[in-house]
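First up is the structure itself, then whatever we jot down about it.
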Amino acid sequence: MPAKKYKLSNSGPEGVVEEKQLNDEVRHDLSLARRDKEVEEDRKEEEKLETRGFDLKVFIRLFAWTRPYRVKRNLLFVLVCLRSLQIPALAWAIGMVINGPIADRNLTGIYWGAAGFGLLSLFTHITLHFRQRYALELGESVVFDMRNAVFEHLMRMPLSYYHRTKLGSILSRITSDIEALRVGVQNVLFVSMVQTGQMLGAGTLMAYYNWKLFLVIVAMTPALFFINRYFSKRISQASRMLQESFARVTATVAESVKGIQVTQGFAREERNSSLFRELIRDHSGYNMGLARNIAVYLPLLELNSQMFIAAIVVIGGYGALSPAVGMPVGDLVTFFFLANLFFSPIPSLGRMFTSAMSAIAGAERIFRLLDTPPDWSDDPDAEAIGPLAGKVEFRNLHFSYVPGTPVLKGITFTAAPGQTVALVGHTGSGKSTIINLLCKFYLPTDGELLMDDRDVRGIRTDALRSQIGIVLQKNFLFSGTVRENIRLGKTGASDAEVEEAVRRIDCLDLVEAMLDGFDTVVTEEGAGLSLGQRQVVCFARAMLADPRILILDEATASVDTVTEARLQKALETLMRGRTSFVVAHRLSTIRRADLVLVMDQGEIAERGSHLELLEQGGIYASLYRQFAEV
């Protein structure tokens with residue numbers, strides 16, 4: 001059969017594409033989407049997880065998070081034990097009334113028996129209320145603590161972690177995975193204990209009334225064991241695969257929404273939709289697989305329970321009718337009540353088992369994140385230094401993002417306090433990597449980076465970054481007001497200090513011209529402000545921070561010519577007395593630099609002042625001529 005063809009609108013004959021080619025491209029994109037690097041790193045561990053069933057160690061570790069709430073947890077255990085005994089006690093009370101006052105036709109005794117049964121029932125419901133309430137509160141407390149722990153751990157992870165991990169994968173850990181844990185903490189253990197205790201209590205009373213009949217039931221229970229054994233691994237694997245599939249779906253949604261401008265700009269909506277359809281088809285398949293297993297598992301448990309009850313009807317009925325056995329009808333009725341209490345928890349325990357598998361799958365993913373150490377952390381003897389003078393020195397520094405692929409090779413230079421160093425070069429030459437090292441987002445692979453003659457490894461990261469101000473080409477603004485975003489540069493700054501920072505960069509009129517001035521609301525990632533307005537906010541933020549080391553990475557590339565001219569004057573004020581590093585393709589912004597470093601393939605190809613490099617007639621002079629021609 002020939003492949004179907006689809007004609008793209010307004011694309012002419014060239015717009016005809018074969019369905020097979022489109023499907024191949026979609027599958028290729030799908031394979032790329034599934035290559036979450038974090039998952040790839042843990043693939044061997046994942047394969048082990050997918051082949052094993054219920055992991056008691058993980059469940060114990062999960063339940064260890066209840067230790068801070070041990071008083072409530074222990075009280076909950078008492079209520080669980082009490083609740084598990086109360087339910088069989090209700091059936092026992094009914095049997096006592098039937099065999100006692102009802103058999104003796106004692107109307108007063110019946111009234112007293114009914115009253116006692118009512119009080120016991122009321123006590124049972126009060127116990128149920130507090131058991132459910134404390135379980136919900138305990139689960140919420142654990143989820144609260146765990147979300148905080150995950151978020152704090154994420155805040156400690158270096159930039160390299162976020163470069164190799166998809167946003168959606170991180171979001172799924174703190175949303176769907178933790179929600180699965182909530183069910184595990186709130187319900188699985190406590191409900192299972194109630195149901196198990198109910199079965200034990202009912203079984204004990206059944207053995208008391210007729211141990212021979214009870215032995216018949218016990219003899220039939222191996223069927224339940226084999227059913228649970230068969231389905232445990234299948235449900236466990238399906239639950240884990242479902243969690244991983246949801247992470248891929250979340251990652252794709254986050255990436256597509258974040259890059260919607262690029263998606264629409266390159267007319268890639270259909271391609272992304274095809275990719276997403278494949279992902280949700282995968283997710284739906286895993287969901288259906290889990291549902292099919294549960295749909296067979298729970299009815300089998302129910303069927304076994306009904307078969308047991310049918311056996312009791314036959315054997316118990318024979319015992320009640322046979323003079324040789326002589327089983328009282330009241331005992332038989334009580335036995336039936338107890339049998340119902342004995343078998344009714346079995347489907348519930350099956351549902352708890354599937355919930356436990358989801359909780360275990362989520363816990364494994366959460367604990368893998370929490371157990372992932374940062375690529376690097378401050379040395380134990382790192383110190384929180386005082387104000388920096390601003391001397392920066394690179395000594396034969398080498399750096400690689402990926403081992404064996406050097407990005408910087410033998411970088412050596414010194415910036416004296418108050419000097420301005422300009423970094424120039426083609427894209428990919430290593431300029432931004434130098435900036436990342438200055439901010440201590442990464443540590444040198446080899447060589448030294450010194451601040452005031454001290455290796456950055458011996459300086460606490462928070463103390464160092466508090467003295468560094470950075471303005472990027474695409475700065476991030478948080479949701480809030482313009483005033484709050486500027487105040488990020490100095491927490492606790494007064495409104496007057498915020499306004500003075502804007503006045504010093506000569507942009508007060510630009511801020512006041514915004515919709516609500518300093519109180520203009522900024523939405524996610526600065527939406528609602530123009531690129532130039534965002535840069536003004538970021539310059540003011542840096543001015544308010546009053547850093548010792550200033551980093552400008554294409555800081556004026558997003559502003560118009562008029563605003564850039566105003567910001568150039570503000571830059572002179574901002575850079576005065578500070579050690580500054582300027583990365584720019586617009587060479588007009590670096591003419592006054594004390595030192596210009598021309599980067600080429602991770603090395604310093606040329607160095608000197610603007611005029612010195614022009615006289616050399618090398619790479620810098622060529623770049624300058626290209627700029628002049630433009």
Side-chain angles (χ1 to χ4, degrees), residues 148-165 170 369-401 407-408 411-419 421 432-472 475-476 478 485-493 497 538 541-553 574-575 577-581 583:
N148 274 338
V150 170
F151 190 80
E152 290 174 3
H153 185 72
L154 288 171
M155 292 299 100
R156 290 193 297 268
M157 298 299 279
L159 200 60
S160 55
Y161 174 80
Y162 297 96
H163 285 168
R164 67 173 183 265
T165 308
I170 296 173
L369 171 59
L370 293 176
D371 292 341
T372 301
D375 294 342
W376 60 268
S377 56
D378 285 338
D379 291 337
D381 56 350
E383 298 180 2
I385 58 173
L388 290 170
K391 180 182 178 182
V392 178
E393 184 177 0
F394 281 64
R395 288 183 183 174
N396 193 31
L397 187 145
H398 296 257
F399 178 76
S400 300
Y401 291 105
V407 177
L408 296 180
I411 302 298
T412 299
F413 70 88
T414 300
Q419 279 192 333
V421 176
S432 295
T433 301
I434 290 178
I435 297 305
N436 286 335
L437 291 169
L438 284 169
C439 296
K440 206 177 176 182
F441 293 144
Y442 296 87
L443 291 179
T445 304
D446 193 16
E448 295 177 293
L449 170 56
L450 307 176
M451 300 280 187
D452 285 359
D453 298 319
R454 297 187 57 175
D455 194 306
V456 291
R457 292 182 177 85
I459 303 175
R460 274 179 44 182
T461 302
D462 56 346
L464 176 62
R465 290 177 183 166
S466 67
Q467 301 188 58
I468 296 178
I470 183 169
V471 182
L472 305 174
N475 273 284
F476 188 91
F478 291 89
N485 271 278
I486 296 175
R487 192 174 279 132
L488 287 174
K490 182 182 178 181
T491 306
E497 289 176 303
C538 294
R541 178 193 296 171
M543 177 63 77
L544 183 62
D546 191 24
R548 300 305 308 152
I549 297 174
L550 181 66
I551 296 173
L552 306 172
D553 190 352
L574 184 60
M575 296 165 64
R578 297 182 173 90
T579 306
S580 303
F581 292 84
V583 178

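Sequence positions, counted from 1, serve as the residue numbers for this chain. Heavy-atom basis, side chains included; hydrogens, waters and symmetry copies ignored.
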What is the minimum heavy-atom distance between [X] and [Y], and which atoms define it?
{"X": "Ala149", "Y": "Leu370", "answer": "O-CD2, 3.9 Å"}
{"X": "Glu393", "Y": "Thr414", "answer": "CG-OG1, 3.4 Å"}
{"X": "Gly390", "Y": "Asp452", "answer": "N-OD1, 3.1 Å"}
{"X": "Ala382", "Y": "Arg457", "answer": "CB-O, 4.0 Å"}
{"X": "Thr579", "Y": "Ala415", "answer": "CG2-CB, 4.1 Å"}
{"X": "Leu544", "Y": "Lys490", "answer": "CG-CB, 3.7 Å"}

Subject >> Gln419: side chain to side chain donor-acceptor pair (under 3.5 Å) partners, not counting sequence neighbours >> reply: none
Answer yes or no: is there a donor N or O on one side and an acceptor on the other, between the side chain of [X] and the main chain of [Y], under 3.5 Å?
{"X": "Lys440", "Y": "Val456", "value": "yes"}
{"X": "Arg548", "Y": "Pro417", "value": "no"}
{"X": "Thr412", "Y": "Asn396", "value": "yes"}
{"X": "Arg460", "Y": "Ile385", "value": "no"}

Approximate separation, where rounding is to 0.5 Å, of [X] [atom1] and [Y] [atom2]:
{"X": "Leu449", "Y": "Leu438", "atom1": "CG", "atom2": "CG", "value": "6.0 Å"}
{"X": "Thr461", "Y": "Arg156", "atom1": "OG1", "atom2": "CZ", "value": "13.0 Å"}
{"X": "Ile411", "Y": "Phe394", "atom1": "CD1", "atom2": "CZ", "value": "8.0 Å"}
{"X": "Thr445", "Y": "Leu408", "atom1": "OG1", "atom2": "CG", "value": "8.5 Å"}

Are side-chain heavy atoms of [X] and [Y] found at a separation under 4.5 Å?
{"X": "Ile551", "Y": "Ile468", "answer": "yes"}
{"X": "Gln467", "Y": "Pro547", "answer": "no"}
{"X": "Leu464", "Y": "Leu388", "answer": "yes"}
{"X": "Leu552", "Y": "Ser580", "answer": "no"}
{"X": "Ile459", "Y": "Asp378", "answer": "no"}
{"X": "Tyr161", "Y": "Leu154", "answer": "yes"}
{"X": "Ile470", "Y": "Phe581", "answer": "no"}

Subject >> Parallel, tilted or perpendicular: ring planes of Phe399 versus Tyr442, cut at 30 and 60 degrees >> reply: perpendicular
Subject >> Audit row: Arg541, Val471, side chain to side chain contact (heavy atoms under 4.5 Å, CB included) steps and yes/no >> reply: CA-CA 9 Å; Arg541 178 193 296 171; Val471 182; over 6 Å; no
**OP:** Mark yes when over 12 heavy atoms from residues, nucleotides or ligands other than Phe151 sit less than 6.0 Å from its CZ; otherwise mark no.
**Re:** no
Subject >> side-chain hydrogen bond (donor to acceptor under 3.5 Å, both in side chains) pairs, two or more places apart, involving residues 380-391 >> reply: Glu383-Arg454, Lys391-Asp453
Original post:
For Arg578 and Met575, what are the C-alpha separation, side-chain angles and deciding distance, and is it a side chain to side chain contact (heavy atoms under 4.5 Å, CB included)?
Top reply: CA-CA 5 Å; Arg578 297 182 173 90; Met575 296 165 64; 5.7 Å; no
**OP:** Would you mind checking if Asp375 and Arg164 are paired as a salt bridge, meaning a charged N to carboxylate O distance below 4.0 Å?
**Re:** yes
Original post:
What pairs with Phe441 under ring pair (Phe, Tyr, Trp, His ring centres under 6.0 Å), at least two apart in sequence or on another chain?
Top reply: none
